[in-house]
2 protein chains.
Amino acid sequence: MVHKTGTGRTTKQAFSSRPTIKDVAAKCGVHPSTVSRALSPAMSHLVAPDVAKRIRAAAAALGYQVNVAAAGLRTGRSGLIGVLAPDIADPGFPPILSGVTETLGAEGYATIVVDVGTDCSREQEIVDRLIARGVDGLVLATVTLNDPVVGHCLAASIPVVLVNRTDAGRRLSAVVTDDEAGMRLAVEHLVGLGHIRIGHIAGPQNVSTGALRRAGFKAAAARAGLSAHSIMIEISRAYTREEGRLAALRLLDRKLAPTAIVAANDLLALGIYDALSERGLNCPADVSVVGHNDMPYVDMLSPPLTTVRIAQRKMGNQAARLLLDQIADPTAHRKRLVLEPSLIVRTSTVPPKR
Amino acid sequence: MVHKTGTGRTTKQAFSSRPTIKDVAAKCGVHPSTVSRALSPAMSHLVAPDVAKRIRAAAAALGYQVNVAAAGLRTGRSGLIGVLAPDIADPGFPPILSGVTETLGAEGYATIVVDVGTDCSREQEIVDRLIARGVDGLVLATVTLNDPVVGHCLAASIPVVLVNRTDAGRRLSAVVTDDEAGMRLAVEHLVGLGHIRIGHIAGPQNVSTGALRRAGFKAAAARAGLSAHSIMIEISRAYTREEGRLAALRLLDRKLAPTAIVAANDLLALGIYDALSERGLNCPADVSVVGHNDMPYVDMLSPPLTTVRIAQRKMGNQAARLLLDQIADPTAHRKRLVLEPSLIVRTSTVPPKR
DNA sequence: GAGTGTATTGCAATCGATTGCATAAAGGGT
DNA sequence: ACCCTTTATGCAATCGATTGCAATACACTC
């Protein structure tokens with residue numbers, strides 16, 4: 001007769017499995033709901049002070065921590081925020097991320113960071129997965145100008161804040177820097193040094209920073225009195241050092257090469273340095289270079305890079321705050337914060353030769 | 001009398017709230033459990049092929065996605081992994097993180113990355129919070145040699161893998177590089193160039209990389225025939241550029257300054273560059289410098305940095321794999337993977353002057 | 001001492017999914 | 001025809017916490 005009842009199953013939960021609210025309740029001889037109330041700041045006024053104290057003591061003794069996932073199931077809030085990053089390995093991004101997690105962490109939220117890479121279809125899927133995980137909000141640092149993911153998020157009516165990059169329709173809240181102002185600073189600096197043939201290596205034109213900085217470059221050049229044929233623009237396909245190198249080569253190989261180049265991004269500027277040494281040219285003697293972002297350690301390059309500094313950490317902080325506001329009041333209208341950039345002059349820019 | 005009852009509460013869930021398994025079940029005229037089975041690869045063989053197809057179609061039509069948190073409550077698995085990072089802004093870390101998330105993401109896990117900063121007490125608390133969130137495992141890149149958090153994790157009997165840094169007792173699985181071998185490569189390279197007075201800027205001695213690299217430096221020097229008083233060591237208090245600068249100054253200000261310095265970390269090497277220019281010295285002419293980690297863009301420094309390359313991404317991949325194995329079989333014994341470093345020779349190292 | 005509050009606490013439903021067990025229907029063998 | 005498998009589906013408990021409502025106890029007023 002095989003009457004062996006399930007073995008090992010009876011262990012129930014002995015082991016070192018985490019204590020639950022029931023364990024605390026049992027230890028105190030009260031109902032779980034009382035424990036829940038005692039431990040919730042918002043509800044603790046409903047339980048007798050001495051009982052509450054006893055419960056808190058028991059909870060501490062047992063090492064009890066509320067199961068956030070279980071609580072979230074009931075309350076509908078997971079305390080999770082999804083962050084989509086274009087490329088974590090880009091040194092320009094971590095400061096933004098720091099800012100986001102700092103502000104969010106202070107409010108008890110944890111962040112799930114996903115490195116999207118280039119693949120745009122993946123982006124949609126990633127957002128869906130995060131929503132399935134029950135995130136309370138999303139921070140997107142990846143959107144392209146006409147990104148389908150924007151409509152997708154709107155349809156899901158989930159709080160979203162864009163950071164660094166914005167969408168064409170401006171349908172979502174965003175924290176960005178003034179891309180046009182940044183380029184104006186760069187161009188005015190170069191014109192002030194005496195440059196009259198200036199090149200620009202633009203970023204991908206389907207992301208706002210690429211398009212806006214290019215427009216800003218053109219506007220600033222015109223404003224500074226440079227004619228249309230004294231500026232030249234090459235568009236890179238990605239914000240990478242290699243793409244920057246390729247675009248810079250195209251610029252340098254023109255009949256009338258520029259005496260200064262403004263990059264839409266520091267990584268592109270690194271590529272310019274590569275291209276220059278490849279062509280046997282010297283920066284800044286032959287060509288001045290201006291970057292954008294002031295990512296960490298560009299002051300250690302040879303030569304130290306003149307670049308447009310943007311307040312990345314602050315950008316992250318403010319994006320997080322905007323998101324928190326939006327979670328607190330989902331009906332609130334979308335907002336747009338624009339941070340002012342500043343120019344950090346180092347030694348990659350000098351007056352043109354003779 | 002304030003008898004206003006909660007308004008707006010009755011909304012129930014109309015809105016655009018996500019569909020649940022019940023909605024799918026209703027639409028197909030089957031029981032939720034059937035839907036659950038149809039949608040779970042492991043259980044779908046239990047439901048009739050045509051019904052399963054109908055269910056999948058309905059789920060797709062409704063845009064249904066399983067609520068991972070709810071499922072996790074029942075199954076006890078959250079699909080979440082916690083990662084503790086020493087400092088996200090350190091360019092050396094993102095590649096490790098990429099590796100971890102890549103491997104974990106492929107298996108359906110999402111990662112919560114927390115930047116711990118310096119504060120050690122915070123670390124304990126962060127781990128507790130992550131456990132409360134129900135993470136299925138932890139990747140720690142932050143442990144110190146005698147970190148109380150190790151015992152804490154052991155007590156919680158939660159799968160943990162250490163990465164890059166290890167604990168003194170070797171009580172947890174870990175993926176690290178051969179710190180001693182790396183220093184041997186550096187020292188042998190310098191000795192081969194003819195250096196006979198070599199300095200070392202060690203990292204904090206309470207983390208394994210700091211202690212092991214220092215030990216490795218000493219061993220390699222002895223092995224290469226350098227006497228104890230021809231090597232000199234300064235210990236930095238943190239892996240930062242500023243601490244590197246300070247330690248380098250101490251080294252340079254000794255009566256008999258070294259002709260070459262090996263840093264335990266590239267960030268420290270940056271500080272050496274700073275200190276050198278501060279003292280009016282030139283690298284490599286006056287002092288050769290070797291870094292450690294080969295973090296991104298150190299090839300663009302002036303001069304390009306000779307450094308010990310470690311396979312960060314691979315380290316991340318393997319740590320993730322180890323963690324997955326440990327989750328699959330919690331009784332499995334702890335493992336230790338040691339990756340071999342290699343030396344990348346650039347132009348920051350040359351033979352000593354005359 | 002009845003009436004009216006007010007302060008505490010318990011009860012039970014609920015969130016969304018999973019899964020062991022029971023049941024029902026269909027197929028097969030003799 | 002009957003019994004025994006298989007196969008497919010439904011039922012209901014469960015995971016851990018929260019919260020509206022009900023119930024009890026105690027205090028206070030007149």
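Below, chain A is the first sequence line, B the second, and so on; all start at residue 1.
- Side-chain nitrogen and oxygen atoms of B/Thr34 include at least one within less than 4.0 Å of the OP1 or OP2 phosphate oxygen of D/dG10.
- For B/Thr20, taking side-chain heavy atoms from C-beta onward, the closest of the listed nucleotides D/dG10, C/dA17, D/dT9 is C/dA17.
- Between B/Lys22 atom NZ and D/dA12 atom P the separation is 14 Å, expressed in whole Å.
- Pairs passing the salt bridge (charged side-chain N to carboxylate O under 4.0 Å, His left out) check and including a residue from residues 313-323 of chain B, sequence neighbours excluded, read B/Glu102-B/Arg313, B/Glu107-B/Arg321, B/Arg321-B/Asp325.
- When the local axes at the two ends of the helix from C/dG1-D/dC30 to C/dT30-D/dA1 are compared, using 5 base pairs at each end, they differ in direction by 50° after rounding to 10°.
- Rounded to whole angstrom, the span from the CZ atom of B/Arg18 across to the C1' atom of C/dA17 amounts to 11 Å.
- When distances run from any side-chain atom of A/Ala48 to the nucleotides C/dC11, C/dT19, C/dT8, the shortest one goes to C/dT8.
- A straight line from NE2 of A/His45 to P of C/dT8 spans 11 Å, rounded to a whole angstrom.
- For residues 76-86 of chain A, the pairs satisfying salt bridge (charged side-chain N to carboxylate O under 4.0 Å, His left out) are A/Arg77-A/Asp136, with sequence neighbours left out.
- For B/His31 and C/dG16, the NE2 to C1' distance is 13 Å, given to the nearest whole Å.
- Residues passing the side chain to side chain contact (heavy atoms under 4.5 Å, CB included) test with B/Asp167 are B/Val150, B/Leu162, B/Arg171, B/Arg336, sequence neighbours excluded.
- No side-chain heavy atom of B/Leu84 sits under 4.5 Å from any side-chain heavy atom of B/Leu138.
- For A/Leu46 and C/dT9, the CG to P distance is 10 Å, given to the nearest whole Å.
- A heavy atom lying under 4.0 Å from DNA chain D marks the following residues of residues 50-75 of chain A, by number: A/Tyr64, A/Gln65, A/Val66, A/Asn67, A/Ala70, A/Ala71, A/Leu73, A/Arg74, A/Thr75.
- Within 4.0 Å of A/Val35, counting heavy atoms only, lies no atom of the nucleic acid at all.
- Counting only residues at least two apart or in different chains, salt bridge (charged side-chain N to carboxylate O under 4.0 Å, His left out) contacts with residues 61-71 of chain B are absent.
- Mapping A/Arg37 and A/Ile21 onto DNA chain D via the closest heavy atom, the residue that lands nearer the 5' end is A/Ile21.
- The CE atom of B/Met43 sits 10 Å away from the C1' atom of C/dG20 (whole-angstrom rounding).
- Between A/Thr101 and B/Val114 the shortest side-chain heavy-atom distance does not fall below 4.5 Å.
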